[in-house]
S.K.: 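To start, I am sharing the structure in question, which I have written as structure tokens.
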Amino acid sequence: MTTTNADQLDRPPVHALLADGTTVCIRPVVPGDHDQLEGLYAEMCPENLRFRFFAASRRSGAMAADRACAPSRTGHRALLAEMQGRAIGLAEYEGGDVAGDGADSAEISVAVADGLHHRGVGTLLVEHLVSAARAEGITAFTADALSENHEILRLFADLGLRVTRRFDGPEVRCTVALDEDDAYLSAVEVRGLRAGVASLQALLRPDVVAVVGAGRKPGSVGRAILHHLHSGGFTRRLFAVNPSATSILGVPCHPSVTALPRTPDLVVVAVPAAAVPVTAEECGEAGVRAVLVVTAGLDADQAQALRSACRTHGMRLVGPNCLGIVNTEPELKLDATFAAGHPRPGTAGVAVQSGGIGIALLDGLSRLGIGVSSFASLGDKYDVSGNDMLQWWESDGRTGLALLHLESFGNPRAFSRTARRATRRMPVLTVDAGRTDAGRRAAASHTAAAATRTMTRQALFTQAGITATRSVGELLETAALLDSQPLPEGSRVAIVTNAGGAGVLTADACAEAGLTLPTFTPATTDDLLAVLPEGAAVGNPIDATAAVTEEQLGTCVDRLMRCAGIDAVLVALVPTAVAEATGDDLVRALTRAPGRRARPVAVVRLEQDRSVELLPAADGGTIPAYAEPHAAARALAHAAHRAAWLARPAGTVPDLTDVDTRRAHEITEEFLRTHPDGGWLDPRTCADLLSCYAVPQIPWAWAETEDQAVLAADRLRGFDGRVVMKAHWPGLVHKSQQHAIHLDLRGDAQVRAAFRDLDTRFADLMTGVVLQPLADRGTELFAGVVQDEVFGPLILFGLGGTATEVLADHAARLAPLTDHDVHDLITSPRCAPLLSGAHGSAPVDLEDLEQLLLRLSRLAADLPQLAEADFNPVLATPGQITVLDARIRLLPRRPHDPHLRRLR
């Protein structure tokens with residue numbers, strides 16, 4: 001270990017939430033903290049001093065402060081918890097086998113100020129120490145405690161890590177294994193969920209709200225929000241802040257936040273940008289717990305001052321530059337927005353960054369009758385995020401559907417874990433915004449060429465079970481079906497129509513959406529013909545003809561509901577003179593029955609003005625009706641995908657054998673010591689790093705001269721007599737495009753000629769050549785990883801060889817890969833049938849292919865310095881999987897723990 005106090009100082013302070021939702025700053029201890037640390041111990045009661053030091057000695061506290069603030073030393077780290085400038089907790093570890101437990105362990109100690117126990121201070125500090133220790137190669141914490149110190153023993157037991165205890169008289173020695181597994185991450189998530197929801201109470205369930213910036217005359221945003229709060233029937237206390245008025249819109253007005261008769265839980269800030277930081281500071285000093293800043297146009301200094309005020313005083317922040325927030329709970333009726341009208345109460349939670357999108361969703365959900373449970377326009381998203389809102393909706397007891405429109409992600413990996421959990425309980429839908437990226441940088445490798453921000457975002461949505469749509473319209477169309485209908489068990493759809501042309505359009509739409517139209521069994525065909533008018537065609541689509549009556553159509557749909565080979569029914573209707581003459585209402589044939597049948601039913605009405613409507617059914621439920629067949633088909637396809645995702649158990653990250661993570665870190669650190677700016681690994685270092693993960697590589701040899709090349713070729717010819725020669729120099733990416741490769745070399749003369757050719761053409765660049773035996777025939781694949789600074793490592797897989805970028809037949813998933821992710825990667829590309837033995841060919845070794853992708857994922861997850869890895873081609877045959885060419889680029893990056901609890 002090489003940790004020093006100087007290393008700690010490079011780590012910026014972070015803010016995180018305690019169990020009660022209050023904010024605390026976690027930062028490294030500095031020498032200037034000595035006095036307040038000594039004060040921390042001096043204020044402890046004798047019993048807590050005895051629990052900490054095994055004796056109630058004031059001198060022990062002074063010595064502990066000396067030790068925490070001492071000059072840098074190897075293996076030591078100390079973290080301070082600070083609330084509004086006051087030290088409330090200290091946790092530190094001392095490594096280097098100081099306790100005789102091994103060089104990979106460290107002794108840990110924790111102290112929390114009197115009066116602040118049971119709020120999660122110690123647990124939060126230990127979580128941050130665990131993250132730091134893992135990054136330094138520490139695998140276990142040890143701690144001695146008095147057996148009667150139940151609080152510290154409970155802290156260790158509840159971490160979610162494996163803890164062993166050894167009792168020795170009145171003392172107990174605890175050993176905490178620092179393995180990062182799902183149990184620990186889940187425990188951290190649960191603590192984060194509780195803290196996050198607690199912190200949002202003041203924002204989304206405030207007892208007292210004040211609006212700062214409400215003008216006396218119409219036209220200001222602040223006045224519009226005050227009007228919305230007042231006219232919307234906000235049931236709690238409401239104030240306005242304006243030094244020039246005593247009442248606005250009938251709401252009591254006071255000159256400042258500090259002059260209010262009660263401290264607000266939530267303050268809405270609608271003042272000019274220059275006044276925002278001062279207002280936020282005033283709110284913080286008054287004890288306000290949350291602020292909603294609708295003001296736009298803050299410059300960098302104003303933005304930083306706003307953030308600082310919120311963090312210093314522990315206030316949650318929505319905005320700036322936002323539309324506002326809504327909570328339609330009947331006992332609250334909070335509408336702090338400046339939208340045109342009040343949203344209808346309902347079950348959809350909505351979070352957006354764009355105010356315009358927010359207005360469209362509020363209107364659309366209200367019109368459909370789904371309504372809104374709570375809404376947050378996040379704006380520039382300085383603090384409260386989509387992740388926070390997902391946690392709130394999980395816990396509010398009202399939300400059954402979550403709709404998101406996020407233009408950026410602060411911590412996608414933490415968001416992914418939250419979303420995976422939330423989507424098990426409710427549908428989570430989003431608009432995949434910003435799908436084009438015309439300004440993307442020039443690619444440095446095949447991997448970077450294939451990876452796009454769209455592909456990365458779609459991988460996140462797919463793995464988290466999020467339903468990603470392509471427009472606000474499609475989002476509402478899908479929400480209508482998911483809110484009103486059960487999920488289908490599969491993708492098999494039966495189409496019923498009263499007009500053949502409408503049936504054809506609907507069939508095309510279903511096929512294009514990935515749905516299937518099964519052929520009915522003879523028994524089903526006879527059963528349907530028996531209830532339909534003469535001349536009906538019972539294929540799929542079922543053409544019931546214009547003569548179908550209301551009764552016949554209803555009976556037909558009911559029988560399809562009982563058909564074993566059908567998962568959903570789509571009814572395409574057009575108005576006809578026949579129905580008008582007979583008084584039949586074909587739509588009524590569907591709505592007079594229960595709206596929520598055992599399987600989903602949707603209607604296409606080509607004459608319908610709006611893209612989607614929810615038609616009331618006899619049981620109080622609803623049936624979605626669409627103006628276009630493609631809208632209905634897309635919604636059903638999204639529902640089928642969600643059903644399939646829910647039906648599959650959560651994936652697990654498999655354990656791998658023959659992995660030497662320590663050696664991989666040593667190779668990485670050594671390379672970056674000699675290449676401080678990073679770069680591409682030379683072939684030998686690349687091979688050494690891949691061997692740490694048992695990645696199967698073809699035999700190879702390195703040569704820097706013509707004679708060395710001949711000797712190397714002679715050794716390699718033992719495989720089949722023919723060799724391949726590849727030029728190498730730092731930064732060479734596309735060997736084939738550069739004509740820097742010679743294939744099928746036989747005999748010494750051809751090897752010499754090939755070397756001379758490369759040496760002549762690339763004399764100023766080439767540092768040597770790589771020789772390999774000529775590989776057998778097989779399927780050429782591509783596998784790679786690119787480290788996204790926001791999303792983390794993205795694993796790509798698909799068809800390889802020289803055409804990999806031209807054909808762009810790739811799939812992508814974010815690391816670490818689960819067993820399900822690997823299966824999806826292999827089966828998603830268009831080339832997948834080739835791997836399974838299509839057209840009479842033998843299937844490749846799929847088990848070894850899965851292993852290769854899992855090992856690549858582990859490599860990327862272990863090494864944050866891995867900027868890119870490029871395996872192309874990977875030769876796949878029935879007998880083995882072999883990497884023929886591998887390139888790796890490293891950059892000097894610090895480890896980043898995406899699951900560490902902290903605010904933005």
Side-chain angles (χ1 to χ4, degrees), residues 202-203 206-299 301-303 305-306 309-310 315 317-327 332-343 354-356 358-359 362 375-380 382:
L203 179 72
D207 286 323
V208 182
V209 175
V211 179
V212 180
R216 290 181 296 174
K217 297 180 180 180
S220 73
V221 170
R223 184 184 175 95
I225 293 176
L226 184 66
H227 172 72
H228 249 50
L229 283 163
H230 189 50
S231 64
F234 180 57
T235 61
R236 313 289 170 84
R237 295 295 298 276
L238 178 62
F239 298 104
V241 174
N242 187 320
S244 304
T246 58
S247 175
I248 299 175
L249 298 173
V251 177
C253 190
H254 297 266
S256 67
V257 173
T258 53
L260 293 171
R262 288 186 58 184
T263 300
D265 300 296
L266 169 65
V267 171
V268 180
V269 179
V271 298
V276 167
V278 175
T279 304
E281 185 64 32
E282 182 185 4
C283 290
E285 291 174 355
V288 173
R289 294 290 306 279
V291 290
L292 164 63
V293 180
V294 298
T295 308
L298 276 67
D299 63 27
D301 292 337
Q302 293 161 351
L306 172 60
C310 290
M315 298 184 294
L317 165 65
V318 169
N321 185 26
C322 67
L323 175 68
I325 59 174
V326 173
N327 187 342
L332 184 66
K333 296 182 180 178
L334 174 73
D335 185 353
T337 71
F338 54 94
H342 299 293
S354 163
I359 291 172
L362 290 176
F375 163 85
S377 169
L378 304 174
D380 293 338
Y382 284 7

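Numbering starts at 1 and runs along the sequence shown.
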S.K.: Please report the shortest heavy-atom distance between Val276 and Val269, naming the atom on each side.
M.R.: CG2-CG1, 4.3 Å
S.K.: Does Tyr382 offer a backbone N or O that forms a donor-acceptor pair with the side chain of Asp380 under 3.5 Å?
M.R.: no
S.K.: So do the side chains of Ile325 and Phe375 get within less than 4.5 Å of each other, counting heavy atoms only?
M.R.: no
S.K.: Between Leu229 and Leu334, is any pair of side-chain heavy atoms under 4.5 Å apart?
M.R.: yes
S.K.: Please list, chain by chain and in numerical order, all residues satisfying side chain to side chain donor-acceptor pair (under 3.5 Å) with His342, sequence neighbours excluded.
M.R.: Ser231, Asp335
S.K.: If every non-hydrogen atom of Gly213 is compared with every non-hydrogen atom of Ser220, which pair is closest and at what distance?
M.R.: O-OG, 4.1 Å
S.K.: If only atom types and distance count, is the side chain of His254 paired as donor or acceptor with the main-chain N or O of Pro261 below 3.5 Å?
M.R.: no
S.K.: Heavy-atom distance under 4.5 Å between the side chains of Pro320 and Leu306, does that happen here?
M.R.: yes
S.K.: Quick one: does any side-chain atom of Asn321 pair with a main-chain N or O of Gly379 as donor and acceptor, under 3.5 Å?
M.R.: no
S.K.: Using modelled atom types and a 3.5 Å cut-off, is there a donor and acceptor pairing between side-chain atoms of Thr258 and backbone atoms of Ala286?
M.R.: no
S.K.: Quick check: closest heavy atoms across Gly222 and Ala270, and the distance to 0.1 Å?
M.R.: CA-CB, 3.6 Å
S.K.: Report the C-alpha separation of His230 and Leu238 in whole Å, then their side-chain angles, then the decisive distance to 0.1 Å, and conclude whether the side-chain contact (heavy atoms from CB on, under 4.5 Å) test is met.
M.R.: CA-CA 8 Å; His230 189 50; Leu238 178 62; 4.3 Å; yes
S.K.: For Ala273 and Pro277, which heavy atoms make the closest approach, and how far apart are they?
M.R.: O-CD, 3.5 Å
S.K.: What are the two closest heavy atoms between Leu292 and Cys322, and how far apart are they?
M.R.: CD1-SG, 3.5 Å
S.K.: Does Glu285 use its side chain to pair, donor to acceptor, with the backbone of Glu282 at less than 3.5 Å?
M.R.: no
S.K.: Can Asp265 and Arg289 be counted as an ion pair, charged N to O under 4.0 angstrom?
M.R.: no
S.K.: Do Val209 and Phe239 pass the side-chain contact (heavy atoms from CB on, under 4.5 Å) test, and can you show the C-alpha distance, the side-chain angles, and the key distance before you say yes or no?
M.R.: CA-CA 6 Å; Val209 175; Phe239 298 104; over 6 Å; no
S.K.: What is the distance from atom CZ of Arg236 to atom CG of Leu266, rounded to the nearest 0.5 Å?
M.R.: 12.5 Å
S.K.: To the nearest 0.5 Å, what is the distance between CG on Leu226 and CD1 on Ile248?
M.R.: 6.5 Å
S.K.: Got a second to check how far His228's NE2 is from Lys333's NZ, nearest 0.5 Å?
M.R.: 14.5 Å
S.K.: Quick one: does Arg223's side chain have a donor or acceptor within less than 3.5 Å of a partner on Arg216's backbone?
M.R.: yes
S.K.: Which heavy-atom pair separates Leu332 from Pro206 by the least distance, and what is that distance?
M.R.: CD1-O, 3.6 Å
